[in-house]
Amino acid sequence: MHALDLPRGIDDPPSLLLWRLDDLIPLILMLMIGILADRLLLFVLLGLGLSRLYGRFRDSRPDGFVLHWAYWHGLVPLGARSCPNPFSRCWRGVG
């Protein structure tokens, strides 16, 4: 059995009870698909497996990697002036 890290500061990721919110997203998504497809047990097991795979993937990367990856591929639009268009791969120097 391994120790469970509980969030202790404001910079820690959001959590629901004992789990990080981003770990629960695949499970909840598969739960909803399972309800709609009338195959609840199959999709809940698939969601548990995806959550475990995502947790291993996230733990082997630096903090914020998934958000950076999603922004780079245009999945998370950030409307701030300091965030350029993610689809522009080269910029001209201003000056």
Side-chain angles (χ1 to χ4, degrees):
M1 187 174 268
H2 62 281
L4 179 66
D5 295 330
L6 295 174
R8 299 189 191 278
I10 196 165
D11 291 336
D12 291 339
S15 61
L16 179 67
L17 296 178
L18 297 176
W19 299 281
R20 288 178 52 158
L21 196 58
D22 57 343
D23 284 337
L24 289 177
I25 289 174
L27 179 63
I28 293 171
L29 182 65
M30 290 295 120
L31 177 69
M32 291 188 311
I33 293 172
I35 290 171
L36 292 174
D38 200 26
R39 301 279 185 208
L40 187 62
L41 182 62
L42 175 69
F43 280 93
V44 166
L45 293 176
L46 183 64
L48 287 171
L50 286 174
S51 292
R52 176 167 278 208
L53 286 174
Y54 173 72
R56 288 183 182 177
F57 175 78
R58 185 199 63 230
D59 290 341
S60 66
R61 304 289 193 278
D63 290 341
F65 177 79
V66 175
L67 182 61
H68 174 77
W69 181 87
Y71 169 74
W72 185 253
H73 291 287
L75 300 174
V76 179
L78 300 175
R81 291 186 337 184
S82 63
C83 296
N85 183 0
F87 297 117
S88 298
R89 297 296 184 224
C90 59
W91 297 283
R92 286 188 225 160
V94 177

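Residue numbers run from 1 in the order of the sequence given.
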I33 side, atom CD1; D38 side, atom CG - distance, nearest 0.5 Å: 14.0 Å
Connected via hydrophobic side-chain network under 4.5 Å: L24 and L48: yes
L50-M32 co-clustered via ILVMFWY side chain contacts under 4.5 Å: yes
Interatomic spacing from CG in L46 to CG in L29 - rounded to 0.5 Å: 9.5 Å
Contact summary for A37 and F43, nearest pair of heavy atoms: CB-CE1, 4.1 Å
If you look only at distance, which donor and acceptor atoms sit under 3.5 Å apart when one is on a side chain in residues 55-68 and the other is two or more places apart or in another chain?
unit_1, atom_1, unit_2, atom_2, d
R58, NH1, D23, OD1, 2.5
R58, NH1, D23, OD2, 3.1
S60, OG, R56, O, 3.4
S60, OG, F57, O, 3.0

Minimal non-hydrogen separation, V44 against L27, with atom names: O-CD1, 3.8 Å
